[in-house]
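Data first, discussion second: the structure below is written as structure tokens.
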Amino acid sequence: MNFQYKIGCSLQSLREIRQFIRQSLVSMELSDAELSTLVLAMDEVCSNLIIHAHQCDEFHEVEIRIEVPDKKSVVFEVIDDKAIFDINNYQARPLSEIIHERRRGGLGVRLVKSIMDNVEYYNQNGKFVCRLTKSYS
Amino acid sequence: MVQIQRLQENDAAILMLTGEIDAKSSIDLDLAIAKSVTEGFKKILIDCRQLEYISSAGLGVFMSYIDEMKDSQTAMVLYGMSEKVVSTFQILGLADMLTIRNTKEEAKQSANELSI
């Protein structure tokens with residue numbers, strides 16, 4: 001099954017995004033914890049994009065696509081016409097450094113990479129695509 | 001959206017979290033913890049029984065207070081998390097860096113021990 005959703009880049013959209021993802025993944029029959037971590041991964045990608053690429057511009061829309069080929073796997077795509085953080089080149093800093101600096105940020109991409117099996121970021125036909133995949137055995 | 005109710009029980013501040021903490025609502029959590037710290041509480045209990053979701057923004061708030069709580073000898077104890085919320089803390093190992101207990105009584109006991 002395929003699902004598609006367009007959102008405006010405001011922080012208010014995050015709640016709708018989470019709801020959309022939860023509804024789209026119903027057929028996978030995941031545990032609450034599994035579902036919550038997938039929702040979290042997409043929340044992090046979208047938050048990053050909304051805040052850092054579009055400065056919470058609610059009039060700019062991005063597209064979310066979800067493909068659920070079977071109960072064991074899912075593919076997320078976030079498609080935008082503006083480059084977001086290149087997740088491929090992300091180098092995680094030690095958590096101890098972030099704690100010592102008393103920073104509130106710096107965890108999002110680390111979470112995404114920990115949760116998903118594969119995270120890709122590429123340009124396709126002039127659009128920037130962040131593609132995340134996850135399979136369960 | 002998160003609702004945060006601030007209560008006081010004896011010498012402990014209790015923050016009751018209800019709803020979801022994300023990039024938008026994490027500022028409310030930050031302000032509530034900061035207020036309890038500013039008011040001089042040495043025991044801060046975070047009631048997570050009604051917390052349905054937390055993103056990295058919320059995790060980051062808790063993480064940013066780890067050193068500050070140590071420096072001020074303040075005990076911050078989280079309790080009552082659902083399995084799905086606990087799992088979010090566990091992904092990056094934050095569950096081991098914070099004090100997390102199952103029940104309010106256990107949280108109070110830990111806060112008493114940590115604040116000695």
Side-chain angles (χ1 to χ4, degrees), chain A residues 9-19 21-22 25 30-56 58 85 90 92-116 134, chain B residues 1-3 17-34 37 48-72 74 76 80-100:
Chain A
C9 286
S10 81
L11 290 178
Q12 278 87 343
S13 299
L14 291 172
R15 195 176 176 191
E16 291 173 43
I17 292 168
R18 294 194 293 270
Q19 192 59 26
I21 295 163
R22 289 185 187 111
L25 303 185
L30 300 167
S31 69
D32 279 354
E34 288 169 334
L35 179 59
S36 192
T37 55
L38 290 178
V39 169
L40 176 63
M42 279 295 280
D43 187 330
E44 298 299 339
V45 171
C46 294
S47 299
N48 191 310
L49 186 150
I50 289 169
I51 295 167
H52 299 297
H54 297 293
Q55 292 78 45
C56 302
E58 62 182 305
F85 179 68
Y90 173 76
R93 295 173 60 210
L95 273 184
S96 56
E97 277 184 21
I98 298 175
I99 290 171
H100 184 62
E101 292 169 6
R102 302 182 187 190
R103 290 181 56 202
R104 282 147 179 78
L107 299 178
V109 176
R110 187 192 299 256
L111 275 170
V112 175
K113 289 197 157 187
S114 298
I115 293 166
M116 305 306 293
K134 179 76 177 178
Chain B
M1 182 180 171
V2 68
Q3 289 183 328
L17 312 182
T18 302
E20 301 187 322
I21 298 176
D22 61 11
K24 180 172 170 57
S25 55
S26 64
I27 184 73
D28 297 328
L29 173 65
D30 201 355
L31 290 171
I33 296 174
V37 171
C48 301
R49 287 175 296 177
Q50 303 300 320
L51 179 62
E52 294 164 12
Y53 174 82
I54 185 164
S55 75
S56 73
L59 297 179
V61 170
F62 287 123
M63 202 174 73
S64 71
Y65 280 99
I66 291 176
D67 273 7
E68 183 172 342
M69 295 296 177
K70 277 182 192 164
D71 291 350
S72 63
T74 302
M76 181 172 71
M81 288 182 194
S82 66
E83 184 193 349
K84 64 183 179 183
V85 172
V86 168
S87 71
T88 301
F89 281 82
Q90 288 170 334
I91 294 168
L92 297 181
L94 283 177
D96 298 327
M97 298 178 182
L98 296 161
T99 307
I100 299 174

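Sequence lines set the chain letters: A, B, ... in the order given, protein chains first and strands last, and positions in each chain run from 1.
- Among T88(B), L94(B), D30(B), the residue making the largest number of heavy-atom pairs under 4.5 Å with chain A is D30(B).
- Sparse packing is recorded around CD of Q3(B), with 12 or fewer heavy atoms of other residues, nucleotides or ligands lying under 6.0 Å away.
- In this structure a side-chain-to-backbone donor-acceptor pair under 3.5 Å is present from E44(A) to S56(B).
- We find that E20(B) and R22(A) are joined by a salt bridge, their nearest charged nitrogen and carboxylate oxygen being less than 4.0 Å apart.
- Residues satisfying the side chain to side chain contact (heavy atoms under 4.5 Å, CB included) criterion with S25(B), sequence neighbours excluded, are V2(B), I21(B), D22(B), D28(B).
- In this structure, chain A has a heavy atom under 4.5 Å from the backbone of I54(B), while its side chain stays farther away.
- With chain A as partner, the option from M1(B), E83(B), M97(B) having the largest number of non-hydrogen pairs under 4.5 angstrom is M97(B).
- Contact tally against chain A (heavy-atom pairs below 4.5 Å) for I66(B), I91(B), L92(B): the top residue is L92(B).
- The shortest heavy-atom contact between S36(A) and K84(B) is CB-CB, 3.9 Å.
- Partners of A34(B) by side chain to side chain contact (heavy atoms under 4.5 Å, CB included), not counting sequence neighbours, listed by chain and number: Y65(B).
- The candidate with the highest count of non-hydrogen atom pairs below 4.5 Å against chain B, out of Q12(A), R18(A), R15(A), is R18(A).
- Within the model, atoms NZ of K24(B) and OG of S13(A) stand 10.5 Å from one another, a figure rounded to the nearest 0.5 Å.
- Neither the backbone nor the side chain of I50(A) has a heavy atom closer than 4.5 Å to any heavy atom of chain B.
- For the set S87(B), A57(B), G60(B), A23(B), the entry with the most heavy-atom pairs within less than 4.5 Å of chain A is G60(B).
- Each of S55(B), G93(B), G58(B), S82(B) has some count of heavy-atom pairs under 4.5 Å with chain A, and the biggest count is that of S55(B).
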